[in-house]
Each structure stands twice: as structure tokens, then as C-alpha cells.
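A note on names: the letters A, B, ... follow the listed sequences, proteins ahead of strands, and every chain is numbered from 1. Below, all heavy atoms of this structure are taken into account, side chains as well, without hydrogens, waters or symmetry copies.
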Amino acid sequence: MSLISKIKQATTAAIANLYTVEIPENAILVNATKPEFEGDYTVVLFAFVKQLKKSPDALGQELGSYLVANNPSLFTGFNIIKGFLNLSVIDSFWIDFLQSQFTNDNYGIAPKNGEKVMVEYSSPNTNKPLHLGHLRNNFLGWSIAEILKANGYDVVKTCIVNDRGIHICKSMVAWQLFANGATPESEGKKGDHFVGEYYVKFNDEYKRQIEELAVSGITKDLAEKKAPIMLAAQKMLQDWEAGDAEVISLWERMNTWVYAGFNTTYKAIGSDFDRTYYESQTYLLGKDLVEKGLEKGVFYQKEDSSVWIDLTADGLDEKIVRRKDGTSVYITQDIGLAVDKYEEYHCSKSIYVVGDEQNYHFKVLKLICQKLGLPSADGIFHLSYGMVELPTGKMKSREGTVVDADDLVAEMIAISQHKTEELGKVKDFNPEELTGLYNTIGLGALKFFLLRVDPKKKMVFNPEESIEFQGFTGPFIQFIHARIKSILRKMSAEGFVMESIALTDKLLPLEKAIIVELELFPSIISDAANEYDPSKIAIYIYNLAKTFSSFYSELKIANAESDEKKTLRLQLAQLTASVLKTGMQLLGASVPERM
RNA sequence: GGUUCGGUAGCUCAGCUGGAUAGAGCGUCAUCCUUCUAAGAUGAGGGUCAUUGGUUCGAAUCCAAUCCGGAUCACCA
């Protein structure tokens, strides 16, 4: 149990015994004591002065005395300032905590809880390479999966590939028209980029044809509909749905190229999935559920035989679930897929990592599933994240401002190589170790950058000022880790053994500051899971690294004034390194032994 | 227009179940490498927490209204 919980518990007990009043633990506010006051944790008294009919000072005196007298293994003293009861925690509590954890590499990781959850993320289109927005999605999905695992869940990572539809046909038509049989191999290009170029070519040609038609006097609206290349794409979609062998074969061929490209990117950024779904295989799902919904009266049919659900009573609109031609729409597929996934894995929760432009869609999805009485319904959670924008606004492919994922990753690695070479601290590394280090630092910087802000909020990425390597960044944390490891290596080479200690000297403020932060780690991990927010981890490990950094520059570790202090500080360093490593892993990033 | 998310330092962001003098990083200025890695540390400067009103011992945090910005309100996915 965390110390804060213990303090709340002790306070509840104290109030119950002193005043025979039951105050629930969650009604007690315990904060870290401000540095200008004496004490470690503070109980805010105002909340219950009224109920207990005591002045804050009197209450503080009684409560403080009681707490100190009855919890000798927790508190050494207290003071009251303006309604705040500041409690001083006994050094031996911190020392005991450190003794029990400093060799635990899995400190903060909860045991298995037997629950299984699904995280769906990435969801690419096969007509475009991945861009910066996908990176935020992938990193978030991966990190949430790791955070849930650390909280004891079994996690199934899935991905749904959007591999069919008119947009895919556009790339295919353009390839037929303009490629002359070219392939990614013949052009020496990555498959997803290669196919993406034909998608762009389609749009260029489409625009040209519209203008051409407009010159001949046709209205813009009509021109958009009559442009031959668009008609060709629509025809191709029909042929695809009809199972035309030639179209299917071209589609398969081009998808193979795209997947090869995606796999390269996924490998580079460290994303993977336990199960991949393809929309081409799921787009017919959900039809039986439409029938079921009609029977249950959840859905209704209009004269043209299209099927709808009326959600106006829930503050939403009417929503179509089956077209008049009998084909299903996006939401119907999603309902069908939700059922399939549940039957396959029986996950208690299903987390969809999808941009916030689909907030409405997921609200409707969950509501329909609930109305249909599907067992998977209540577990649906949309992890909605904001767009990544440029200082000038949104990324626009038309204006060529889309930040390509592969380019960005390559650039980050190149920058980390450049900086590493400039510093010249790892000249003895072999080429393989160097490549590994550049990857670790470059990706660490990128992942940390995208995960350090609240997922719900949109964020700004300025390509002019490349991602920082100083301050609130991944490399800073990696650097602190490497620094600690360097000391630990030296100590182990000298044969110094950290034994358990019973401290006789008082803990110095900086020593205590680190232990206090370390003790918070497990509760941070559980907060991050409860709020589906990796930035909680990023902020925490950054603060820990910063505290350690001050500690490092103020106090000697390996050359401490006594063996006792040396041992204490080495233990602190070791547990800090372990927490930084675990924390970075929860963000999908790793930490180097040296840098 | 309806719904919804947001507006905190020059910039990027924390803080939001109400709590003590609102915090970081970047950028600016100053100091510190014959001493465990300077991708570092220390300090300075920088704020009407969009605006107005309300709730109360106390509001960046809660409520209401207003202003500004984003998303959405598709038989696209």
C-alpha cells in the first residue's frame, strides 16, 4: 500500500477514535508538504473542521498528537500552519522501503489480475504511408498496452487495416494508367511510399480532368462526377466487390507492396500486433445483427427499406445501419467486428485508440451495442487523442506539409548520431553498438516527445525546431540512466557489495526527495492505466530523473563520506535506474547502459 | 446552429475529485567541467491562469454567461 493511503487510513482511524465520526478515506486530502515548511506529507484540515466543530488549529493539535503517538513506525512529529497538518515521516520508513525494493527490477509492476483487455491501434490505410499522426497513434497504443500489462492485465494488441474501398481503387487505377508496370523493386522505393505516389497521381489527374471539363462548359459539380478517372475508380470498386479476378489480383499485388512497407516501419518504431484484421474481410460483418436489432425493435426500417436507429432520445441523431441496397455501413461493420473480437478473445475491455474526430462515431457505436445487449458493449472505450498539428495548422497532403513517419524516424536517428559524435563519449563502441545507440536515443526522443502530453489534447509539432534532446526529453532520462549505470559498473568492478543497512545518520533532503518520489511509482502506474494516460509516466520519470540529477551534482555517491552513505546512495541510484528503465519501457522506449 | 473538447510565461506543456507564495522545458541573461558522464547543475528574469459574474474560510480548478479556436453533426472509413 502506498504511503499516502496509509496516512489516509491512519487519519480516518484517528478521527474515528477521537471523535467517533466516520470520515471516508477518499474524503481526506493528503498532499506532499511544500518545501518551505517542515514535514513530508500534509493533511488538509479544512475539509472536516465544520463537521467536527473544531477550529483548524485545535483539530490539528489533537489529530497530530494522536497520529504521532499511535503510529510510531510512521511519524516522528507534526506542525500546524494555517489549517494544514504537516506530518514528518520517520526516516526508518524510507530506509525500510528502500531496503525492500532496491534489488527489485520489477518494482512498480503489479501481479497478474486475470483480466484480459484488447487494445486496437494503428489502423492504417493501404493507400498512404504512415505519417506523424500515425506515430502518435502507434506510440499511444503500444504504451497503453504496456501500462495495462504493468497493472496486471493480459493484453491483446490488434490492428484493423483499411484495405478496401474507393480510395484504394484510386491508387490502383492510377497505377494502371501511369506506372508502365513499375514496381517498388524496379523503382527502388518502399512499397507504401510507392503506392502512395499513385494515390497522389490519381488526385492530380482527377483535378486536371475536372478543369478540362470545366473549360468545355460543364459545371464543377458535374465535372467532378463525370471525370473519366473517377468513373474508372468507381467501376473498379464494383468489379472488386464482384470478385473480378484481374482486379483482385492487382489489389493483392499492390497490398503486398504496402504491407512490406508498413512492416519495415513497424519494425523500425517497435510496433507489433497479436492479431490483424482486414477490412476486406470484415466489411460484410454485422448483417445478422441488423436483423437481430430489427426483431428487438432497436432498429426500424424506412419505406426505401434502409435500416436506422433513432438516438434522438440519447441526445444524438438518427443513424443508418444498413443501406437500402442491403449493404452495411462503417458502423455496422464495427459492431460486427466488436462481436467477433469478443467471441474470439473474451476481453473484458476493448480499447480503441482512434483520433478524436471519431468521438461521435464511438459514442454511437457503444450506445448501439448496449441497446443490442451485446456482452462486449460496456467494455468499449474510445481512447480519443488529439491531432498533431504544425505551427501553421493542420498537416495537408495537398500542400505537401505531411510529416512522413519514415522520414521523421530517420531524421531523429541521424540527429542522435550527430549529437553523439559531437560529444564523443562512446568512441570505443563497435558499429553495431553505435547503430543500436542511435536508434535508442532517436526513438526515445521521438516517443517521449509524442507521449509526454495529455493524449486528449491536440499537440503542436514544429518541424523547424527539431525535437529537443535537452530538458524534458527522452534523451535526458536516458542520460541519467546511463550515468547511474556507469557508477554501478564501477562499483561492481571494485567488488563493492551493497548490503542492507540500518541508517544511523539522518537522511539528507536530497536523499529523502528521491526516496519519496520512488515510493510513488506504483501509484503513478495505476493512475496512468486508470486514466489511459502515458503522459503521467513521462512526467513522473522526468521529475525523478531531475531530482536525481540535482542529487548527483550535490552529493558524492561512489565517493561518499562514509560506507553507510555510499551504500545508501548506491541503493538509491540502483532503484532510480530501475524505475527510469521500467518507466521508459512503459512508453515503448529503452534506455542505454552508456551514452 | 446543436453537441463536444480546449484557451495557464515569448513558445511547447504540467497543475483541474477546490487548499499554503501557479510549476517545468525551450528561448534570454549570469555562474559551474585537473573531483562518480556538462545530453548536466545552480541562479535571475518572465503570469490580470481568455473575460465577467457566482458558490465559500479558500477558485487556475466548481457553476453560469460571454469571447476565441478545434473536432463533429455522411448511405466515407
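- At the phosphate of B/C76, OP1 or OP2 sits under 4.0 Å from a side-chain N or O atom of A/Arg323.
- OP1 or OP2 of B/A14 lies within a sub-4.0 Å distance of a side-chain N or O belonging to A/Lys457.
- The side chain of A/Tyr542 sits closest to B/G25 out of B/G25, B/A14, B/A20.
- Side chains of A/Ser384 and A/Asn359: a donor on one and an acceptor on the other come within 3.5 Å.
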Derivation and outcome, ring-ring contact (aromatic ring centres under 6.0 Å, His included), residues A/Tyr385 and A/Tyr121 = CA-CA 12 Å; A/Tyr385 65 90; A/Tyr121 70 105; over 10 Å; no
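- Distances shown here put a side-chain N or O of A/Ser486 below 4.0 Å from the OP1 or OP2 atom of B/U37.
- Looking at the side chain of A/Thr42, the nearest of the listed nucleotides B/A20, B/U12, B/U35 is B/A20.
- With sequence neighbours excluded, the residues satisfying side-chain contact (heavy atoms from CB on, under 4.5 Å) with A/Lys556 are A/Asn559.
- Dashed line: the shortest gap from a side-chain N or O of A/Lys425 to OP1 or OP2 of B/U37 is not under 4.0 Å.
- Note on A/Asp454: only backbone sugar-phosphate atoms sit closer than 4.0 angstrom, heavy atoms only; bases stay farther off.
- Of the P atoms belonging to B/U4 and B/G43, the separation is 45 Å, rounded to the nearest Å.
- The A/Leu29 side chain lies nearest to B/G19 when the options are B/C36, B/A39, B/G19.
- Between A/Ile368 atom CD1 and A/Leu289 atom CG the span is 10.5 Å, to the nearest 0.5 Å.
- Comparing atom distances between the A/Val44 side chain and each of B/G69, B/C75, B/G19 picks out B/G19 as nearest.
- Contact detail for A/Asp325 and A/Thr327: the closest heavy-atom pair is OD1-OG1, 2.6 Å.
- One C1' atom belongs to B/C63, the other to B/C16, and the distance between them is 15 Å to the nearest Å.
- With B/A41, B/G19, B/A20 as the choices, the nucleotide that has an atom nearest any side-chain atom of A/Phe37 turns out to be B/A20.
- In the interface, the side chain of A/Asn543 is not paired with the base of B/A14 through any donor and acceptor atom under 3.5 Å apart.
- Mapping A/Glu465 and A/Glu318 onto RNA chain B by nearest heavy atom places A/Glu465 closer to the 5' end of the strand.
- When each of B/A39, B/C75, B/C36 is scored by its nearest atom to the side-chain atoms of A/Ser306, the top-ranked nucleotide is B/C75.
- Where A/Lys556 and A/Lys34 meet RNA chain B, the nucleotide closest to each residue was compared, and A/Lys34 sits on the side nearer the 5' end.
- The phosphate of B/U42 has neither OP1 nor OP2 within less than 4.0 Å of any side-chain N or O from A/Ser553.
- For B/C13, the glycosidic angle deviates from 0 by more than 90°, giving an anti base.
- Distances were taken from every side-chain heavy atom of A/Phe472 (C-beta onward) to each of B/U42, B/G25, B/G40; the shortest belongs to B/G25.
- Using cut-offs of 30° and 60° on the angle between ring planes, the pair A/Phe448 and A/Phe472 is perpendicular.
- Comparing B/G40, B/C73, B/C13 against the side chain of A/Val453 picks out B/C13 as the nearest.
- Relative to the side chain of A/Glu554, the nucleotides B/A39, B/A41, B/G70 differ in distance, and B/A41 lies closest.
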message = Apply ring-ring contact (aromatic ring centres under 6.0 Å, His included) to residues A/Tyr278 and A/Trp251 and explain how you reach the verdict.
response = CA-CA 13 Å; A/Tyr278 297 91; A/Trp251 172 76; 8.8 Å; no
ask   = Which string of ( ) [ ] | and . matches RNA chain B, if you list each base 5' to 3' and count Watson-Crick or G-U pairs only when both distances are under 3.5 Å?
value = ((((((((.[[[[.)...(...]]]].(((((.......))))).....[[[[[..)....]]]]])))))))....
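- When each of B/U37, B/C36, B/A41 is scored by its nearest atom to the side-chain atoms of A/Ala558, the top-ranked nucleotide is B/C36.
- For A/Lys50, a side-chain nitrogen or oxygen approaches OP1 or OP2 of B/C57 to under 4.0 Å.
- Only one option out of A/Asn79, A/Leu29, A/Val44 pairs with A/Phe84 in a side chain to side chain contact (heavy atoms under 4.5 Å, CB included); it is A/Val44.
- Note on A/Arg483: a side-chain N or O is less than 4.0 Å away from OP1 or OP2 of B/A38.
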